[in-house]
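Quick caveat: nothing in here was measured; it's all calculated off a predicted structure. To find a chain, count down the sequence lines: A is the first, B the second, and so on, and within it residues start at 1.
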2 protein chains.
Amino acid sequence: MIRIVIAEDQQMLRGALASLLQLEEDIEVVAQVSNGDEALQAINTYQPDLCLLDIEMPELSGLDVAERIKQEGLPCKVMIVTTFARPGYLERAMEAKVEAYLLKDEPIQFLVEAIRKVYQGGRVISPELANFLFEKEENPLSEREQEVLRLVAEGKSTDEIASTLYLTKGTVRNYLSAAIQKLEVNSRHQAIKKATEKGWL
Amino acid sequence: MIRIVIAEDQQMLRGALASLLQLEEDIEVVAQVSNGDEALQAINTYQPDLCLLDIEMPELSGLDVAERIKQEGLPCKVMIVTTFARPGYLERAMEAKVEAYLLKDEPIQFLVEAIRKVYQGGRVISPELANFLFEKEENPLSEREQEVLRLVAEGKSTDEIASTLYLTKGTVRNYLSAAIQKLEVNSRHQAIKKATEKGWL
DNA sequence: ATAAAATGATGACAGGTGTCATATCGAGTC
DNA sequence: GACTCGATATGACACCTGTCATCATTTTAT
């Protein structure tokens, strides 16, 4: 019996997956949760064989949860199940050594088979993502540049960012300028768009 | 037997819903499609009792499909099933006189019951959205202002927008300025954010 | 038919933004 | 110890942006 925990914030999908997986004879859904914090708790409590983690959830992202599980050396295998084919996400997941990375655009049957493969010690990646593994683009942004971009993304002004980070606004503009050039775009907002698409924030 | 068509672009959710609904004795899923165009075709072909429409799909949005169904006077009842609690979406849906508007954050059981109610002539709205029906905010943006904002959202520059719409850049800035003031924000980008949240684009 | 909106344009101004050259400082590296 | 690199700062410049006043034209409403 494969014991699993499902972490997914959209109730309808979470419930649907749980019901369908429960129908499989060799699978038992021991817990369903809707955010990253609860996911960690549930994994500690139930010690499942593996967990399905959505990435974009409240509190802790699925990637954060994956990293913690691996750091703490928990035996629970990790399967990321997400909408987003972002190179940066995949890279973080690979670095955390997760067992699978699937897109929600796969059929359920693919998920079920992936679960069995992972349980038996295998690894699975959605075929659409296979390319990303080779032609992987490194995140060109420095820590500071990411920080500044994140704040712009939240809607903050140059001045607000400057005081948040205890910098002058000139310096903030320098970081933005550097980021804009590294990303080969023309404005801070295009920079945010591109960095977000790539999963670099 | 309630015959339904499911239009939802995320394969995993679509398949899961189809499988689960199929398990209900009084429901038959006659077609599953992944975009708005196919939805219209399927509805014409199969003449289902009702259809589940996601809003954000390729080609035609679920709202577009709903409007066409109602304009053409097709007997198919329409249930919108979406992630987004945006007042503007709900308003468009109400104007199109759809039979139901549900959030994907509802449990499946809610969906199943809603399907039965709608089949029997009822209407259903996710409880979280009930407020929006009363305190409904009108879209304050003119057609032109929306057009310009949409183009900014695509990442176009003022000059590009000007030549796309055959306007001078001064005029483009005027529309943006008007939109920014109507939305009570400080920049074109905040304007996009707010308008998008409200479902006004 | 006439008033009121909406559409489109222009020019001007203040302030924001992106770029660049340049300088300092500290942490590594050779 | 000299050198390089990243983080930080400054000042200057050109260009972009948001606002406003003003005007002409076309649509819409009464």
Side-chain angles (χ1 to χ4, degrees), chain A residues 88 91-92 95 136-201, chain B residues 88 91-92 95 136-201:
Chain A
E91 207 188 323
R92 259 186 85 186
E95 270 162 26
K136 80 165 160 185
E137 301 172 80
E138 295 267 316
N139 184 340
L141 302 172
S142 75
E143 200 46 60
R144 265 316 204 198
E145 287 156 3
Q146 290 176 43
E147 225 170 334
V148 172
L149 276 184
R150 255 178 252 125
L151 292 171
V152 176
E154 286 172 20
K156 302 214 181 191
S157 69
T158 305
D159 284 328
E160 286 171 327
I161 295 170
S163 61
T164 304
L165 300 179
Y166 305 104
L167 299 176
T168 60
K169 57 184 169 183
T171 304
V172 172
R173 286 199 284 149
N174 282 344
Y175 285 128
L176 279 172
S177 181
I180 287 167
Q181 286 177 277
K182 286 180 181 176
L183 297 175
E184 298 172 300
V185 293
N186 299 309
S187 74
R188 53 183 68 195
H189 302 282
Q190 285 175 27
I192 288 170
K193 204 174 164 191
K194 181 151 185 181
T196 305
E197 275 165 16
K198 296 287 189 178
W200 287 338
L201 293 189
Chain B
E91 206 186 326
R92 260 186 82 186
E95 269 161 27
K136 80 166 158 184
E137 300 172 81
E138 296 265 317
N139 184 341
L141 302 172
S142 74
E143 201 46 62
R144 265 315 204 200
E145 287 156 5
Q146 289 176 44
E147 225 170 332
V148 172
L149 277 184
R150 256 178 251 125
L151 292 171
V152 176
E154 285 171 22
K156 302 213 181 191
S157 70
T158 305
D159 284 327
E160 286 170 326
I161 295 170
S163 61
T164 304
L165 300 180
Y166 305 104
L167 298 177
T168 60
K169 57 184 168 183
T171 305
V172 172
R173 286 198 284 145
N174 282 343
Y175 285 127
L176 279 172
S177 181
I180 288 167
Q181 285 178 275
K182 286 182 180 175
L183 297 175
E184 298 173 300
V185 295
N186 297 309
S187 74
R188 55 182 68 196
H189 302 282
Q190 286 175 27
I192 288 170
K193 206 173 162 192
K194 182 150 185 182
T196 305
E197 276 166 15
K198 296 287 187 177
W200 288 337
L201 293 188

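- Pairs engaging residues 181-192 of chain A under the side chain to side chain donor-acceptor pair (under 3.5 Å) rule: A:Glu145-A:Lys182, A:Thr158-A:Arg188, A:His189-B:His189 [sequence neighbours left out].
- Over its full length, the helix from C:dA1-D:dT30 to C:dC30-D:dG1 turns its helical axis through 40°, comparing axes from the five pairs at each end and rounding to 10°.
- One can place CD of A:Gln146 at 14 Å from P of D:dG6, the figure rounded to the nearest angstrom.
- Sequence neighbours left out, not one pair with a member in residues 155-174 of chain B passes ring-ring contact (aromatic ring centres under 6.0 Å, His included).
- Using a 4.0 Å cut-off, some side-chain N or O of B:Tyr175 falls inside it from OP1 or OP2 of C:dG8.
- Rounded to the nearest 0.5 angstrom, B:Glu91 CD and B:Trp200 CH2 are separated by 9.0 Å.
- Remark: B:Arg144 engages B:Glu147 in a salt bridge (charged side-chain N to carboxylate O under 4.0 Å, His left out) (not counting sequence neighbours).
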- Under 4.0 Å protein heavy-atom contact, by nucleotide of nucleotides 10-28 of chain C - B base, S sugar-phosphate only: B-B----BBBB--------

- Expected string for nucleotides 23-30 of chain D under the B/S/- scheme (protein heavy atoms, under 4.0 Å, primed atoms plus P, OP1, OP2 as sugar-phosphate) is --------

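- Here the straight-line distance linking atom CG of B:Leu167 with atom CG of B:Asn174 works out to 10.0 Å at 0.5 Å rounding.
- A search for side chain to side chain contact (heavy atoms under 4.5 Å, CB included) contacts involving A:Glu160 returns A:Lys156, A:Ser157, not counting sequence neighbours.
- In this structure, the side chain to side chain contact (heavy atoms under 4.5 Å, CB included) partners of A:Lys193, at least two apart in sequence or on a different chain, are A:Glu197.
- Checking the phosphate oxygens (OP1, OP2) of C:dA6, no side-chain nitrogen or oxygen of B:Arg144 falls inside 4.0 Å.
- Residue pairs that meet the ring-ring contact (aromatic ring centres under 6.0 Å, His included) test with at least one member in residues 142-162 of chain A, sequence neighbours left out, do not exist here.
- When the P atom of D:dA7 is taken as reference, atom CD of A:Glu145 falls 7 Å away, rounded to whole Å.
- Here B:Lys169 pairs with B:Asp159 under the salt bridge (charged side-chain N to carboxylate O under 4.0 Å, His left out) rule; sequence neighbours left out.
- Not counting sequence neighbours, the partners of B:Lys198 by the salt bridge (charged side-chain N to carboxylate O under 4.0 Å, His left out) test are B:Glu137.
- Legend: ring-ring contact (aromatic ring centres under 6.0 Å, His included) pairs involving residues 140-164 of chain A, not counting sequence neighbours: none detected.
- The separation between B:Ile161 atom CD1 and D:dC16 atom P is 14 Å, rounded to whole Å.
- With rounding to whole Å, A:Glu147 atom CD is found 14 Å from D:dG6 atom C1'.
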